[in-house]
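Scope of the values below: all heavy atoms of this structure, side chains included, with no hydrogens, waters or symmetry mates.
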Amino acid sequence: MCQSQQTPEADNHQTIRSREHIPALDGVRGIAILMVMSHHFTIIGSANPVEKAVSGVLQLGWAGVDLFFVLSGYLITGILLDSKRSPHYYRNFYARRVLRIFPLYYAVVLLTFLVLPRLDGSLAQILSNTEGSIGWYITYLSNFAMSRGNHFGYGMLNVTWSLAIEEQFYLVWPLFVCVMRPQTLLRLCLSLIVGAPLLRLSLVLQSASWVTVYTMPFCRIDALAFGALVA
């Protein structure tokens with residue numbers, strides 16, 4: 001159990017308030033999904049200025065991933081703050097994450113590595129063409145595999161880098177929320193928000209791979225920290 005610095009009355013009020021469903025967040029999540037899909041599936045050409053302008057706007061959908069990170073930081077930190085005074089703080093948090101994410105994720109990983117390569121057809125081969133061994137994906141380290149190979153893994157698992165970052169965040173963030181006072185946690189969030197862009201700039205100036213800058217957890221922690229700051 002983590003000890004909160006709040007009074008029981010304040011803690012109870014915060015728990016009730018933060019557990020209320022916020023429909024607007026579903027809308028934000030939907031916008032993020034549409035942004036990411038527009039980025040991945042845009043097939044508009046560039047034969048004229050209008051096509052170039054529309055294609056350029058739709059390609060900005062990559063920022064939808066950052067919107068997902070902000071939502072995750074907000075929701076996860078809210079859950080952790082609510083449960084600081086409850087027993088089985090870590091067990092309950094990780095059990096819920098495992099039940100929510102692991103079954104579907106590992107089903108897709110096993111399908112990609114064990115089933116699709118045994119099927120005939122070019123589509124199956126394209127979908128199963130990944131970067132790195134299955135171990136990178138089982139351990140949620142596909143972003144490190146992509147950084148190591150200096151390009152994104154192809155196939156169905158080329159989007160797992162963002163999920164890997166979130167899982168790495170889930171691994172350590174509960175400890176920070178547990179042991180830190182709210183004021184200290186606030187300062188940590190601000191430091192991460194400022195520090196991550198500086199780290200990206202430093203890596204760019206050192207001619208680091210853009211894949212590394214794009215997929216490493218400490219390079220993308222500012223969006224998660226911003227969500228946590230709001231929480």
Side-chain angles (χ1 to χ4, degrees), residues 1-26 28-29 32-33 65-110 134-144 157 159-193 195-196 216-218 220-231:
M1 182 177 70
C2 292
Q3 296 297 325
S4 173
Q5 301 300 316
Q6 296 175 318
T7 64
E9 293 80 10
D11 180 75
N12 184 59
H13 173 70
Q14 180 185 16
T15 300
I16 294 173
R17 179 186 62 191
S18 60
R19 285 181 182 176
E20 293 177 351
H21 178 66
I22 305 176
L25 294 184
D26 294 333
V28 174
R29 187 179 290 107
I33 292 172
V65 175
D66 290 281
L67 191 52
F68 272 118
F69 285 158
V70 172
L71 282 172
S72 291
Y74 171 76
L75 295 172
I76 292 303
T77 304
I79 291 171
L80 293 171
L81 289 171
D82 288 348
S83 59
K84 282 186 71 170
R85 295 175 64 88
S86 65
H88 310 301
Y89 168 80
Y90 292 105
R91 187 193 69 181
N92 291 343
F93 174 77
Y94 287 116
R96 289 168 179 163
R97 294 302 99 197
V98 167
L99 292 173
R100 181 180 179 89
I101 299 171
F102 279 28
L104 181 59
Y105 174 79
Y106 283 120
V108 174
V109 170
L110 294 177
I134 190 173
W136 292 103
Y137 296 90
I138 289 179
T139 55
Y140 287 98
L141 294 173
S142 58
N143 55 334
F144 284 88
L157 301 181
V159 296
T160 58
W161 67 269
S162 59
L163 183 57
I165 288 178
E166 290 201 9
E167 291 299 308
Q168 291 152 18
F169 174 72
Y170 298 161
L171 187 63
V172 300
W173 196 245
L175 176 62
F176 289 122
V177 175
C178 179
V179 302
M180 288 184 172
R181 295 174 178 269
Q183 295 84 354
T184 307
L185 190 64
L186 181 70
R187 288 193 289 269
L188 174 62
C189 290
L190 292 172
S191 298
L192 293 173
I193 291 170
M216 287 294 93
F218 283 108
R220 304 303 296 270
I221 193 64
D222 48 337
L224 288 158
F226 183 80
L229 179 69
V230 175

(request) Report yes or no: is the cationic atom of R91 (NZ for Lys, CZ for Arg) closer than 6.0 Å to the six-membered ring centre of Y94, at no more than 45° off its axis? (result) no
(request) Report the residues that fulfil ring-ring contact (aromatic ring centres under 6.0 Å, His included) with Y105, sequence neighbours left out, ordered by chain and then residue number. (result) Y140
Would you compute the distance between atom [atom1] of [X] and atom [atom2] of [Y] and round it to the nearest 0.5 angstrom?
X: F68; Y: I165; atom1: CZ; atom2: CD1; result: 14.0 Å
X: I79; Y: Y74; atom1: CD1; atom2: OH; result: 10.5 Å
X: L80; Y: I76; atom1: CG; atom2: CD1; result: 6.5 Å
X: L157; Y: W136; atom1: CG; atom2: CH2; result: 14.5 Å
X: T184; Y: F176; atom1: OG1; atom2: CZ; result: 12.0 Å
X: L185; Y: C178; atom1: CG; atom2: SG; result: 11.0 Å

(message) Keeping Y137 on the side-chain end and T160 on the backbone end, is there a donor-acceptor pair under 3.5 Å?
(response) no
(request) Go through the structure and list residues passing side chain to side chain contact (heavy atoms under 4.5 Å, CB included) with V28, not counting sequence neighbours. (result) L67, L71
(request) Under the side chain to side chain contact (heavy atoms under 4.5 Å, CB included) rule, collect the residues that match up with T139, sequence neighbours excluded. (result) L141
Considering only heavy atoms from C-beta outward, does the side chain of [X] approach that of [Y] to under 4.5 Å?
X: I101; Y: L163; answer: yes
X: F144; Y: M216; answer: yes
X: W161; Y: R220; answer: yes

Anything under 3.5 Å between a donor and an acceptor, one on a side chain of residues 222-231, the other on a protein residue two or more places apart or in another chain? List them.
unit_1	atom_1	unit_2	atom_2	d
D222	OD1	R200	NH1	3.2
D222	OD2	R200	NH1	3.3
D222	OD2	R200	NH2	3.0

(request) Scan for side-chain hydrogen bond (donor to acceptor under 3.5 Å, both in side chains) pairs involving residues 162-175, sequence neighbours excluded, and state none if there are none. (result) S72-E166, T77-W173, N143-Q168, E166-Y170
(request) Apply salt bridge (Lys or Arg N to Asp or Glu O under 4.0 Å) to R29 and list each qualifying residue two or more places apart in sequence or on a separate chain. (result) D26
